[in-house]
Amino acid sequence: MRLASAGLLAVAAALLASCATPQRDYRPDALTMMKRDFHARGIAKMDRLDEDNVQAVCNKYRDDPPQGVADKLQKEQLAAIKWPADGKLLGDWKAGERIAQNGRGMMWSDKSGDGGSCYNCHQIGPRESSFGTIGPSLYQFAKLRGYGADIQRYAYGKIYNAKAYSLCSQMPRFGHVGALTEQQMKDLTALLMDPASPVNQ
Amino acid sequence: MHQTRRTVTMGLLAVLGAALLGPARALAAWNKGAFEAKSAPDAMRALGVSNAEESKAIEIRAPEIAENGAVVPIDITSNIPSTTSISVFIEKNPFPYTGTFDFSQGSVPYVHLRVKIGESSPVRVVAAAGGKYYTSAKEVKVTIGGCGG
Amino acid sequence: MAEPMKIRATLQGDVADVRVLMAHPMETGQRKDAAGKLVPLHFIQTITAQLNGKTVFSADVSQAVSRNPVFAFKVKGAKAGDKLSITWQDNTGDKRTDEVVIRAGS
Amino acid sequence: MKRALVLGTLAVACAAAAQTPDPTAAEFDKFREIMEQDNPAELFEVKGEELWRARRGPKNASLEQCDLGLGPGVVKGAYAQMPRYFADADRVMDAEARIVHCMMTLQGFTYAELSKQPFSSLTRTPEPVSLVTYVAAQSRGMKLAAPQNHPKERATYETGKSIFFYRAGSFDFSCASCHGVDGQRIRTQPLPNFTKPEQAIRAVQGWPGYRMTGGVMHSLQWRMNDCFRQQRFPEPGYASETVSALLTYLTVNANGQVYRGPGIKR
């Protein structure tokens, strides 16, 4: 009798404990562990483990930050975009296609930024059937949205810094982190925007 | 007793048969000329294959789209009576002739193999049976894959 | 040095279903190593299978066969307990023979 | 009657088609089975077993006294019950981390030697890779049951989960960027959602795996390393707690599902 009730109490206590303990945040443990266990290799230095202000907010809110927080940061990211000094946003779509196909860049096995990895996540040109689906289809990008200056600017800006438009987007900030050069981003913009690009056929 | 004798006789017949059909291919040297040919027709010429007749009796089982061109599985069965060998040509490979499988000395005309295919290509099979050649082909597409796995 | 093959030979009626895995790099002569040097051609050229010492299947193959080759074929007139051996030889003259006992089918 | 049958068959066929909207993936699956039937991974299983029994290292000992969590020398079923907490190391270890630990403690190898080139190349398969292939094969057909009894096992799961969702690096990627949503793919490669139990099995299934690309044997240690590479992170230490923690999160999510043994990967 006594034993049984002691057992019950123990169970109740355990239940209480599990309910009452607020979900502990293990992110600090994770970061401590990673900083101890990782090492720099090639171009991938240890500072890559540190969150910047955008990553910190997205991590904290699991990619769903409060509107106000997101708006403020998005504005900052947008303001930091360096637009081409010559005012031209369109390069060579053929070069853009090559950059879109190239999945290399910024890995410890790479020397620098290199490709845009675009086909990893997006459908783009009609002739490449091996495309990913993490991002939306970009096939007929300008044909559907228009060829105007505002759309050009959006395309270039999105490639430069996707977080300026959607704070916790899964798309990298190619210009912001220096993974692609201005010319490469112009070429990619042309791939999406040039009326002669197969994307718009 | 009966059984043994029959086996011996059949064995003898097989040997005789092989001798009659010309030199057993297994004894021939690895055909360097055919293996180094840069096109399937050239390779076939080097092998002495001519007038191959299209045949539905050769079954080729291979993926329509290969997950990885480095390892493409192929199953080949010849339903042509008295098939003695099967040769495989991956037409778009730099050296199309991939191999010959000889069944004449005691195996069923079936083989499973895995091959490298550099780009989308027909896989052509030539079966030798009764001194004649039969052929069939199947297209295998090779695509760029993902990064994971 | 050649490493052992893994051979399975299972009876289905009087036909032995033979499946073999071979450890071999099957170098095409077109691949570059880490230092950018071409790795020389190195591949299996001939394969023979013997049932109780008598050749029953043979093949000549090229470097287009995948690395660590896999083959399957069917040998006629086999019994449980028969010995099946497989030999390969490559273009460098290296060779390897392994043998299994044919198992009754399930 | 016959017509009903035909209609029934059609209905089934359509249902199947609806479930696999991607014909490419269906084609891959069909031939994946054929590939699994004769898997060169078996060559490494055999080599791993030889290595397990051989007296090696400065201490000239075999690994037959290695405790994989079910007692010294018990290999059967051990892989399906890892990662787990090991008191002698006071940490949670995945199978390969444990094998490395045994090679150090029983055979006298050093971590520096074992971690120098820990992953397979075209010309070399490291011994722990063959060993873990052998060990994994001894859990073929068993249900995954990575334990969550010890407090450190539970804490390690939570830490692993946090690592899984941690976005950082040049491209702002976390593991979840690719593996946190249903039904996506990179190029033609389907991306399982590892946060869901029925898909988490795909993090474990088929590993260690014979990789068709390059024709080499790779373990989960390699897989995690290569994910971090593509995540644009710096490199995690071989057999480190970070890797074990991530594997704990993935394996526990897949607990209860049947492990089919070493596999074959694209």
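Keep in mind that this is a model prediction, so the values were computed, not measured. Naming: A, B, ... by sequence-line order, numbering from 1 per chain.
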Inter-residue atom distance [X].[atom1] - [Y].[atom2], 0.5 Å rounding:
X: A:Cys121; Y: D:Arg187; atom1: SG; atom2: CZ; value: 10.0 Å
X: D:Asp226; Y: A:Ser109; atom1: CG; atom2: OG; value: 8.0 Å
X: D:Arg167; Y: A:Arg62; atom1: CZ; atom2: CZ; value: 11.5 Å
X: A:Asp29; Y: D:Glu158; atom1: CG; atom2: CD; value: 10.0 Å
X: D:Glu241; Y: A:Met33; atom1: CD; atom2: CE; value: 4.5 Å
X: D:Ser162; Y: A:Leu31; atom1: OG; atom2: CG; value: 10.0 Å

Give, as side chain, backbone, both or neither, the part of D:Phe228 having an atom under 4.5 angstrom from any heavy atom of chain A.
both
Where does D:Ala155 contact chain A at under 4.5 Å (heavy atoms): side chain, backbone, both or neither?
both
Any residue of [range] which, by heavy atoms, sits under 4.5 Å from chain D:
range: residues 84-99 of chain A; answer: none
range: residues 132-150 of chain A; answer: A:Gly132, A:Thr133, A:Ile134
range: residues 34-49 of chain A; answer: A:Met34, A:Arg36, A:Asp37, A:Phe38, A:His39, A:Ala40, A:Arg41, A:Ala44, A:Lys45, A:Met46, A:Arg48, A:Leu49
range: residues 161-199 of chain A; answer: A:Lys163, A:Cys168, A:Ser169, A:Gln170, A:Met171, A:Pro172, A:Arg173, A:Phe174, A:Val177, A:Ala179

Can you tell me which of [options] forms the most heavy-atom pairs within a distance under 4.5 Å of chain A?
options: D:Tyr238, D:Phe173, D:Phe233, D:Phe171; value: D:Phe171
options: D:Ala176, D:Gly237, D:Ser174, D:Pro236; value: D:Pro236
options: D:Cys178, D:Ser240, D:Ala245, D:Gly183; value: D:Ser240

What part of A:Asn59 is in contact with chain D, defined as an atom under 4.5 angstrom from a non-hydrogen atom: side chain, backbone, both or neither?
side chain
Which residue out of [options] racks up the most heavy-atom pairs below 4.5 Å with chain D?
options: A:Ala30, A:Gly103, A:Ser129, A:Ala56; result: A:Ala30
options: A:Phe131, A:Trp108, A:Tyr119; result: A:Trp108
options: A:Pro28, A:Gly105, A:Ser117; result: A:Gly105

Distance-only, no hydrogens or angles: does the A:Arg27 side chain make a donor-acceptor pair with backbone N or O of D:Phe165 under 3.5 Å?
no
Do you know the tightest heavy-atom contact between D:Arg229 and A:Arg104?
NH1-NH2, 3.9 Å
If you look at every heavy atom in A:Met106 and D:Arg232, which pair is closest and at what distance?
O-CG, 3.3 Å
Please report the C-alpha distance between A:Glu51 and D:Tyr166 in whole Å, then the side-chain angles of each, then the deciding distance to 0.1 Å, and finally whether the side-chain contact (heavy atoms from CB on, under 4.5 Å) criterion is met.
CA-CA 9 Å; A:Glu51 307 161 298; D:Tyr166 185 69; 3.0 Å; yes
